[in-house]
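Quick note: numbers below take in every heavy atom, side chains included, and nothing from hydrogens, waters or symmetry partners. Note that the numbering runs from 1 along the sequence shown for the chain.
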Amino acid sequence: MTDPAPARSPEQRKQDVLHRLDHDEDVWVATASPDGAPCLVPLSFVWDRGTLLLATRRTNPTAVNVTPTGRARLSLGHTRDVVLIEGTAEIVEGTELPAESGDAFTEKLTWDLRGRPAWVYLRVTPHGVKAWREENELAGRDLMADGTWLV
């Protein structure tokens with residue numbers, strides 16, 4: 001095993017997180033049913049005005065699970081470059097989606113779900129963001145708390 005790279009500063013970690021949010025296309029989304037059954041799925045997303053905008057079929061467990069609680073946990077990266085996001089998710093119908101948001105989703109992901117009633121958008125507002133690569137970055141991994149960037 002090789003020695004880990006030096007720990008990044010909190011400012012660099014935030015920049016790396018924002019870069020991933022702008023450039024990554026997929027995120028792992030974890031939700032739970034009202035009786036506690038977990039659900040973990042990858043969904044495509046766009047970083048839109050400080051929120052993650054995703055889409056799924058309205059009958060899929062992810063959409064069903066966010067309706068009663070609004071809670072979701074999302075993860076970017078792999079086990080040696082983690083971005084963990086805690087947030088509140090809301091269902092947004094395609095007809096209610098601001099045009100700029102729908103256009104951003106379509107431009108980045110090359111598919112447009114507006115006007116397709118079987119699909120809904122999920123808008124996740126982050127309340128907490130953590131980022132780390134190795135053990136040497138566990139201290140100070142909190143970059144956002146209560147919806148406010150700490151750096």
Side-chain angles (χ1 to χ4, degrees), residues 8 10 12-135 137-138 140-151:
R8 296 170 293 168
Q12 183 61 54
R13 287 189 223 184
K14 179 182 177 184
Q15 288 301 83
D16 292 348
V17 167
L18 292 171
H19 183 268
R20 297 205 67 169
L21 288 168
D22 281 336
H23 293 90
D24 285 14
E25 292 184 356
D26 301 308
V27 63
W28 286 101
V29 181
T31 59
S33 68
D35 65 353
C39 177
L40 178 66
V41 297
L43 293 176
S44 298
F45 79 97
V46 65
W47 181 239
D48 179 51
R49 295 178 288 161
T51 66
L52 291 97
L53 185 64
L54 311 97
T56 189
R57 290 190 177 274
R58 73 176 58 251
T59 55
N60 283 352
T62 302
V64 173
N65 291 348
V66 301
T67 303
T69 67
R71 296 180 59 201
R73 180 176 282 177
L74 296 82
S75 180
L76 295 165
H78 52 81
T79 58
R80 300 226 183 245
D81 190 7
V82 177
V83 176
L84 189 61
I85 301 167
E86 299 272 349
T88 302
E90 63 178 314
I91 301 285
V92 180
E93 298 290 339
T95 56
E96 297 171 6
L97 189 69
E100 309 84 48
S101 297
D103 293 347
F105 191 92
T106 301
E107 182 178 325
K108 180 178 181 184
L109 302 169
T110 67
W111 46 298
D112 191 348
L113 301 173
R114 294 172 285 188
R116 296 176 69 183
W119 292 79
V120 292
Y121 291 91
L122 304 176
R123 185 177 296 281
V124 179
T125 302
H127 296 294
V129 175
K130 298 177 185 201
W132 69 94
R133 289 189 176 152
E134 298 283 346
E135 186 279 331
E137 289 191 355
L138 290 177
R141 66 184 163 215
D142 292 304
L143 301 178
M144 176 188 281
D146 299 321
T148 301
W149 289 103
L150 302 174
V151 292

Just how far is it from atom [atom1] of [X] to atom [atom2] of [Y], taken to the nearest 0.5 Å?
| X | Y | atom1 | atom2 | result |
| --- | --- | --- | --- | --- |
| L84 | W28 | CG | CH2 | 14.0 Å |
| R49 | R123 | CZ | CZ | 5.0 Å |
| W149 | D142 | CH2 | CG | 11.5 Å |
| R141 | L150 | CZ | CG | 13.0 Å |
| H23 | L18 | NE2 | CG | 11.0 Å |

Of T148, D146, T88, which meets side-chain hydrogen bond (donor to acceptor under 3.5 Å, both in side chains) against H127?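 Exactly one candidate clears the test, T88.
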
State, with a plain yes or no, whether a side-chain heavy atom of [X] is found less than 4.5 Å away from one of [Y].
| X | Y | answer |
| --- | --- | --- |
| R58 | E93 | yes |
| V29 | T56 | no |
| K14 | V129 | no |
| V83 | D24 | no |

Closest heavy-atom pair and its distance - [X], [Y]:
| X | Y | result |
| --- | --- | --- |
| A89 | V66 | CB-CG1, 3.8 Å |
| A63 | V120 | CB-CG2, 4.1 Å |
| C39 | N65 | CB-ND2, 3.7 Å |
| L109 | S44 | CD1-CB, 3.7 Å |
| H78 | V82 | O-CG2, 3.3 Å |
| I91 | L122 | CD1-CD2, 3.2 Å |

Check K130 with E86, please: is the shortest side-chain N to carboxylate O separation under 4.0 Å?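 A salt bridge is absent here (no side-chain N lies under 4.0 Å from a carboxylate O).
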
Run the salt-bridge test on K108 and D22 with the 4.0 Å N-O cut-off and return the result as yes or no.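 Looking at K108 and D22, the cut-off is not met.
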
State whether the number of non-hydrogen atoms from other residues, nucleotides or ligands found under 6.0 Å of [X] atom [atom1] is greater than 12.
| X | atom1 | result |
| --- | --- | --- |
| R73 | CZ | no |
| R71 | CZ | no |
| H19 | NE2 | no |

Can you name the one residue among V92, L74, V46, D48 that meets side chain to side chain contact (heavy atoms under 4.5 Å, CB included) with L54?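 Looking at V92, L74, V46, D48, the match for L54 under the side chain to side chain contact (heavy atoms under 4.5 Å, CB included) is L74.
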
Evaluate I85 against M144 for side chain to side chain contact (heavy atoms under 4.5 Å, CB included), listing each step before the verdict. CA-CA 9 Å; I85 301 167; M144 176 188 281; over 6 Å; no

Will you find, in the side chains of D35 and S33, an N or O donor that is under 3.5 Å from an N or O acceptor?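 Looking only at side-chain atoms, S33 and D35 do form a donor-acceptor pair, the distance falling under 3.5 Å.
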
Could you go through L21 and L76, starting from their C-alpha distance and side-chain angles, then the distance that decides it, and tell me whether this counts as side chain to side chain contact (heavy atoms under 4.5 Å, CB included)? CA-CA 8 Å; L21 288 168; L76 295 165; 3.8 Å; yes

Let's go through D112 and F105 carefully: what are the C-alpha distance in whole Å and the side-chain angles of both, what is the deciding distance for side chain to side chain contact (heavy atoms under 4.5 Å, CB included) to 0.1 Å, and is it a yes or a no? CA-CA 7 Å; D112 191 348; F105 191 92; over 6 Å; no

Donor-acceptor under 3.5 Å (T106 side chain, D103 main chain):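 Such a contact is absent between T106 side chain and D103 backbone.
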
Backbone N/O of D16 and side chain of R8: donor-acceptor pair under 3.5 Å: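 It does not hold such a pair.
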
Side chain to side chain contact (heavy atoms under 4.5 Å, CB included) for S101 and Y121? Distances and angles first, verdict last. CA-CA 10 Å; S101 297; Y121 291 91; over 6 Å; no

